[in-house]
Amino acid sequence: MKKILIVGSLNMDCVIETPHIPRAGETISGRNVVFTPGGKGANQAYAIGKLGGSVKMLGAVGKDSFGQTLKNNLANVGVDVSEISVLEHEPTGQAFISIDDEGENSIIIIPGANGALTPELIGKKEEYLKKNIENSDIIVMQLEIPLETVTYVKELAASFQKTIIVDPAPAVTDIPDSFWNGIDYIKPNETELSILTGKPTGTREEIIEGAKSMLHKGVRNVIATMGGKGCLLVNKDSTQFFESRSVKAIDTTAAGDCFTAAFALALAEGKSCQKAIAFGQEASAIAVTRKGAQASIPNRQEITETSC
Ligand code: RIB
């Protein structure tokens, strides 16, 4: 099986369940609060590990109990955590998440050590980084660490002709066009695609237009997810629609991470892009029916292999 390297964030999630997300100036009572492992990069690494993949994570945590808990949680599902730096002067990243009765969330992130994962920090170990990239087949990144770092790793990964997957979350507006060149797969949801392109994505036609504009910037494949409405694969050859299974979502946190991870794993196992998308959809359809980020990730047996 091919090896996957995740370069990204680790957060301790502070999750508050509440009837609705508070509006500006509003004070409301939450039902309960829990601390649970999260972070987009760590969620993806955890999912690949739990689903049986070969995965290493490169990231940073603080020298505190949250950092240790996050590393332990990853190690428990077989993720290689040897390239997770423990920083003396930065706290572990945190995410403050409100979940409403519909399962929708809003998230505020305090980057902490994730923000300190600069090219300088990992560049100090460039030989290790090169070795890690060389020893991996698929490199998966998100945008919860500095963009310069994602760019730096992407360039190195491209020079070794590795498969590069970027989950462009959280999406930001000021990404230079050159960043996208040479990325094999991006997986934005409709909102992220709209932020990245500056174009509306309210209809399927608009999403396809937005995806095509990302192809013009040099991305090879765009997988645009639309929650319960399925997803689209857009590349220079075709546009394909994938219906999603209807489920009752109670918490959508990390559903996108679960999709990306399962998709990357299926590619690592030699499945076609189409089968990998179906596997990603199935994994995330299960994740949204459960609470938490890493806590919601299914295991292999739970995913209906026949549909993938
Ligand atoms: O994608 C979900 C994740 O976003 C959460 O686990 C939280 O840590 C934020 O990074």
Transitive ILVMFWY side-chain link Phe96 to Ile99, under 4.5 Å: no
Sequence neighbours excluded, every pair satisfying salt bridge (charged side-chain N to carboxylate O under 4.0 Å, His left out) that has a member inside residues 148-157: none
Residues pairing under salt bridge (charged side-chain N to carboxylate O under 4.0 Å, His left out) where one sits in residues 54-70, two or more places apart or in two chains, turn out to be Lys56-Asp80, Lys63-Glu88
Applying side chain to side chain contact (heavy atoms under 4.5 Å, CB included), can you list everything that pairs with Ala60, at least two apart in sequence or on another chain? Ser85, Leu87, Ala113, Leu117
Indicate if Met141 and Val172 have the same hydrophobic cluster label, given that clusters are the connected sets of ILVMFWY residues with side-chain heavy-atom separations under 4.5 angstrom. yes
Verify side-chain contact (heavy atoms from CB on, under 4.5 Å) between Leu70 and Ile84, making sure each step is shown before the conclusion. CA-CA 10 Å; Leu70 295 178; Ile84 296 178; over 6 Å; no
Mark yes or no for whether Thr149, through its side chain, and Ile145, through its backbone, hold a donor-acceptor pair below 3.5 Å. no
With ILVMFWY side chains joined below 4.5 Å, transitively, what does Ile21's cluster contain besides itself? none
Does Thr92 use its side chain to pair, donor to acceptor, with the backbone of Gly67 at less than 3.5 Å? yes
Other residues, nucleotides and ligands only: do more than 12 of their heavy atoms fall within 6.0 Å of OH on Tyr128? no
If only atom types and distance count, is the side chain of Arg220 paired as donor or acceptor with the main-chain N or O of Ile183 below 3.5 Å? no
Salt-bridge present (Glu83, Lys71; N to O < 4.0 Å): no
Can Gln44 and Asp257 be said to form a side chain to side chain donor-acceptor pair (under 3.5 Å), step by step? CA-CA 5 Å; Gln44 293 175 14; Asp257 300 330; 3.2 Å; yes
Linked, directly or transitively: Met12 and Ile16 (ILVMFWY side chains, under 4.5 Å): no
I'd like to know if the side chain of Gln161 and the backbone of Ala158 have a donor-acceptor N/O pair within less than 3.5 Å. no
Can you list everything that forms a side chain to side chain contact (heavy atoms under 4.5 Å, CB included) with Lys217? Sequence neighbours excluded, please. Asp177, Trp180, Met214
Could you check whether any side-chain N or O of Asn135 sits under 3.5 Å from a backbone N or O of Lys131, counting only pairs where one atom can act as donor and the other as acceptor? yes
Going by an N to O cut-off under 4.0 Å, is there a salt bridge joining Lys229 and Glu190? yes
Minimum heavy-atom separation for Ile133 to Ala157, with atom names? CG2-CA, 3.8 Å
Side chain Gln281, main chain Phe242, donor-acceptor under 3.5 Å: yes
Please find the pair of heavy atoms, one from Ile303 and one from Ala283, that lie closest to each other, and give the distance. CD1-CB, 3.7 Å
With side chains defined as the heavy atoms from C-beta onward, is the minimum distance between Val15 and Thr36 less than 4.5 Å? yes
Nearest atoms (heavy-atom pairs only) where Pro188 meets Leu196: CB-CD1, 4.4 Å
Stacked cation flag Lys271 on Phe279, 6.0 angstrom / 45 deg: yes
For the residue pair Ile175 and Leu147, establish whether any side-chain heavy-atom pair is separated by less than 4.5 Å. yes
Assess the residue pair Asp251 and Lys291 against the criterion (salt bridge (Lys or Arg N to Asp or Glu O under 4.0 Å)); give the C-alpha distance rounded to whole Å, side-chain angles, the decisive distance to 0.1 Å, and a yes or no. CA-CA 5 Å; Asp251 180 355; Lys291 292 180 183 177; over 6 Å; no
Applying ring pair (Phe, Tyr, Trp, His ring centres under 6.0 Å) to Phe66 and not counting sequence neighbours gives Phe35
Quick check: closest heavy atoms across Ile138 and Ala264, and the distance to 0.1 Å? CD1-O, 3.7 Å
Has Thr252 got a side-chain atom pairing as donor or acceptor with Val288's backbone, closer than 3.5 angstrom? no
pair Val81-Met57: side-chain heavy atoms closer than 4.5 Å: no
Can you find a heavy atom in the side chain of Ile97 that is under 4.5 Å from one in the side chain of Cys14? no
Expected output: side-chain Ser244 to main-chain Gly228 donor-acceptor under 3.5 Å: yes
Tell me whether Ile28 is reachable from Val33 by hopping between hydrophobic residues (I, L, V, M, F, W, Y) whose side-chain heavy atoms are closer than 4.5 Å. no
Does the ring of Phe241 carry Arg204 above it, NZ/CZ under 6.0 angstrom from centre and within 45° of its axis? yes
Could you give me the CA-CA distance, side-chain angles and deciding distance for Lys130 and Leu156, then say whether side-chain contact (heavy atoms from CB on, under 4.5 Å) is met? CA-CA 7 Å; Lys130 280 188 177 156; Leu156 268 179; 3.8 Å; yes
Return the minimal non-hydrogen interatomic distance between Ser29 and Thr18, and the atom names on each side. O-OG1, 4.1 Å
Shared hydrophobic cluster, Ile109 / Val61 (ILVMFWY, side-chain heavy atoms < 4.5 Å): no
What's the spacing between Ile108 CD1 and Ser98 OG if we round to 0.5 Å? 7.0 Å
Excluding sequence neighbours, so at least two apart, what forms ring pair (Phe, Tyr, Trp, His ring centres under 6.0 Å) with Phe259? none
Ile139 vs Thr163 side-chain heavy atoms within contact, under 4.5 Å: no
Sorted by first residue and then second, give each salt bridge (charged side-chain N to carboxylate O under 4.0 Å, His left out) pair with at least one member in residues 23-32; sequence neighbours left out. Arg23-Glu26, Arg31-Asp101
Side chains of Asn43 and Gln294: is there a donor and an acceptor less than 3.5 Å apart? yes
If you measure from the Lys or Arg side-chain nitrogens to the Asp or Glu carboxylate oxygens, is any gap between Glu282 and Arg245 under 4.0 Å? yes
Pair up each side-chain donor or acceptor in residues 1-11 with any protein partner under 3.5 Å, not counting sequence neighbours, and list the distances.
{"from": "Ser9", "atom 1": "OG", "to": "Lys40", "atom 2": "N", "distance (Å)": "3.2"}
{"from": "Ser9", "atom 1": "OG", "to": "Gly41", "atom 2": "N", "distance (Å)": "3.3"}
{"from": "Ser9", "atom 1": "OG", "to": "Glu144", "atom 2": "OE1", "distance (Å)": "2.4"}
{"from": "Asn11", "atom 1": "OD1", "to": "Asn114", "atom 2": "ND2", "distance (Å)": "2.9"}

Mind checking side chain to side chain contact (heavy atoms under 4.5 Å, CB included) for Ser178 and listing every partner two or more places apart, or none if nothing turns up? Pro176
What residues form a side chain to side chain contact (heavy atoms under 4.5 Å, CB included) with Arg290, not counting sequence neighbours? Ile286, Ser296, Pro298, Glu302
I want to check something: taking the side chain as every heavy atom from C-beta on, are Val166 and Tyr185 in contact at a cut-off of under 4.5 Å? no
Is there a side-chain contact between Pro37 and Asp13, using heavy atoms and a 4.5 Å cut-off? no
As a quick check of understanding, evaluate side-chain contact (heavy atoms from CB on, under 4.5 Å) for Met226 and Asn189, giving each step before the final call. CA-CA 6 Å; Met226 304 179 289; Asn189 61 27; over 6 Å; no
Hydrophobic cluster mates of Ile195, side-chain heavy atoms under 4.5 angstrom, ILVMFWY only, any path? none
Taking atom CD of Gln240 as the centre, report whether more than 12 heavy atoms of other residues, nucleotides or ligands fall under 6.0 Å from it. yes
Give the minimum heavy-atom separation between Val234 and Leu215, together with the two atoms involved. O-CD2, 3.7 Å
Leu233 and Cys273, any side-chain heavy atoms less than 4.5 Å apart: yes
Using a 3.5 Å distance criterion without hydrogens, assess whether the side chain of Thr225 forms a donor-acceptor pair with backbone atoms of Gly227. no
